[in-house]
Amino acid sequence: MGKDVIIACDFPTAAQTLTFLDRFPERKPFVKIGMELFYAEGPSVVREIKARGHRIFLDLKLHDIPNTVKKAMAVLSGLDADIVNLHAAGTAEMMRAALEGLTRADGTRPLLIAVTQLTSTDQNALEHELLIDRPMDEVVLAYAENAKNAGLDGVVCSPLEAGKVHRRCGSGFLTVTPGIRFADGEKGDQKRIMTPAQAKIEGADYIVVGRPITAAADPAAAYARCCAEFTD
Ligand code: C5P
């Protein structure tokens, strides 16, 4: 899989999601399905979108004891998602168990990537609630390295961190980056942002783009603009 734009389909129902995806008749975009849609509609929404020819990043961020995560990953593997994820904070043992669960009888599996620290966690919460007494950058890179050593394929990170992650973990270790906005677009609630063109320069492998495409007057044109900036 090469560089690509992933559309974050943050819609509450399958019907709204499918109506939205009908607007892309030519090139079927790679889509991200998160907890809201998955919990509302269940596995059938993944099967339906997959059957329509889209690739899927199933963003469920698993974090539990290794045996539970292994079994849950085996179920997700059967849904034929292309990328799934978990929290690196679950430990290397949990990440290795997840890989085992994901791997099908024929040896194939979806890509598995890790969340290092949520971008909603700031330095203050890191130190005073999670009791991790290190700079955020150092924690993110150390967790990325743990994920790499456990055999994972990459991490979700800010586009501002993509270069650092590649320098620490190698250029083949995937960086999947949300927080993307057009230069002339609304920032919304995202604080640390980059344009698709800047994310390309930073070396991000996949950009996850939600509202700049889903809330655009012409989503297909916004998607084409993202692809032109990031992949061409
Ligand atoms: O609409 P927007 O482009 O901000 O959507 C970005 C998507 O990426 C959302 O689904 C959001 O939950 C997700 N995300 C994020 N920042 C992270 C991790 C995930 O924005 N650190």
Side-chain angles (χ1 to χ4, degrees), residues 4-14 16-17 20-21 29-41 45-46 49 54-63 81-90 111-123 125-126 130 136-137 139-141 143-144 147 152 154-162 164-165 174-200 202 204-219 221-227 229-230:
D4 210 348
V5 174
I6 302 177
I7 304 181
C9 285
D10 295 320
F11 299 106
T13 65
Q16 278 171 272
T17 309
F20 172 76
L21 292 176
F30 204 134
V31 305
K32 180 171 90 76
I33 296 175
M35 289 184 206
E36 182 186 9
L37 185 60
F38 190 79
Y39 291 154
E41 301 283 357
V45 70
V46 177
I49 293 172
H54 297 271
R55 286 183 292 159
I56 295 178
F57 167 22
L58 193 50
D59 179 21
L60 300 180
K61 300 186 180 72
L62 276 67
H63 187 173
D82 297 276
I83 305 179
V84 297
N85 65 354
L86 48 62
H87 276 280
L111 293 173
L112 180 60
I113 62 176
V115 175
T116 54
Q117 284 291 330
L118 293 169
T119 45
S120 50
T121 306
D122 61 12
Q123 187 68 39
L126 192 72
L130 305 184
M136 181 62 81
D137 256 26
V139 176
V140 166
L141 289 176
Y143 280 30
L152 269 69
V155 287
V156 183
C157 63
S158 150
L160 298 152
E161 291 157 356
K164 282 185 211 161
V165 169
L174 298 175
T175 52
V176 178
T177 65
I180 303 294
R181 292 292 179 267
F182 291 122
D184 53 1
E186 294 272 321
K187 265 177 89 169
D189 52 1
Q190 294 282 13
K191 296 192 178 78
R192 302 168 68 225
I193 54 170
M194 272 194 180
T195 66
Q198 287 167 332
K200 179 182 183 177
E202 285 300 311
D205 296 290
Y206 292 90
I207 53 173
V208 175
V209 188
R211 287 159 292 179
I213 296 174
T214 56
D218 183 346
Y223 173 64
R225 180 179 173 192
C226 260
C227 292
E229 279 194 33
F230 184 67

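Counting from 1, the numbers follow the sequence of the chain as shown. Just so you know, ligand 1 is whichever comes first in the structure, and atom 1 is the first atom listed for that ligand.
- Atom CD of Glu36 has more than 12 heavy atoms from other residues, nucleotides or ligands within 6.0 Å.
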side-chain contact (heavy atoms from CB on, under 4.5 Å) between Met194 and Leu160, worked out: CA-CA 8 Å; Met194 272 194 180; Leu160 298 152; 3.5 Å; yes

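- Considering both main-chain and side-chain atoms, Arg181 comes within under 3.5 Å of ligand 1 through a nitrogen or oxygen pair.
- When each of Phe30, Phe230, Phe57 is paired with Tyr206, the ring-ring contact (aromatic ring centres under 6.0 Å, His included) condition holds for Phe30 and for no other.
- At least one heavy atom of Asp10 sits less than 4.0 Å from an atom of ligand 1.
- Checked by distance only, ligand 1 and Pro178 stay at 3.5 Å or farther apart across all their nitrogen or oxygen atoms.
- For the pair Val209 and Phe182, the minimum side-chain heavy-atom distance is 4.5 Å or more.
- The shortest N/O to N/O separation between Arg211 and ligand 1 falls below 3.5 Å.
- Using a 4.0 Å cut-off between charged side-chain N and carboxylate O, Asp218 and Arg225 make no salt bridge.
- Polar contact check, Thr119 against ligand 1: a nitrogen or oxygen pair lies under 3.5 Å apart.
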Trace of the side-chain contact (heavy atoms from CB on, under 4.5 Å) decision for Leu86 with Leu152: CA-CA 10 Å; Leu86 48 62; Leu152 269 69; 3.8 Å; yes

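- Nearest protein heavy-atom contact of atom 12 (O) of ligand 1 is Lys32 NZ, 4.3 Å.
- With hydrogens left out, the protein atom closest to atom 6 (C) of ligand 1 is Gln190 NE2, 3.9 Å, a heavy atom.
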Glu161/Thr177 under side-chain contact (heavy atoms from CB on, under 4.5 Å): CA gap, chis, key distance, verdict: CA-CA 9 Å; Glu161 291 157 356; Thr177 65; over 6 Å; no

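- Atoms of ligand 1 found under 4.0 Å from any heavy atom of Ala8 (numbered from 1 in listed order, with element): 7 (C), 10 (O).
- Remark: ligand 1 atoms within the under-4.0 Å shell around heavy atoms of Gly210 are 1 (O), 2 (P), 3 (O), 5 (O).
- The closest approach between Pro212 and ligand 1 falls below 4.0 Å for a heavy atom of the residue.
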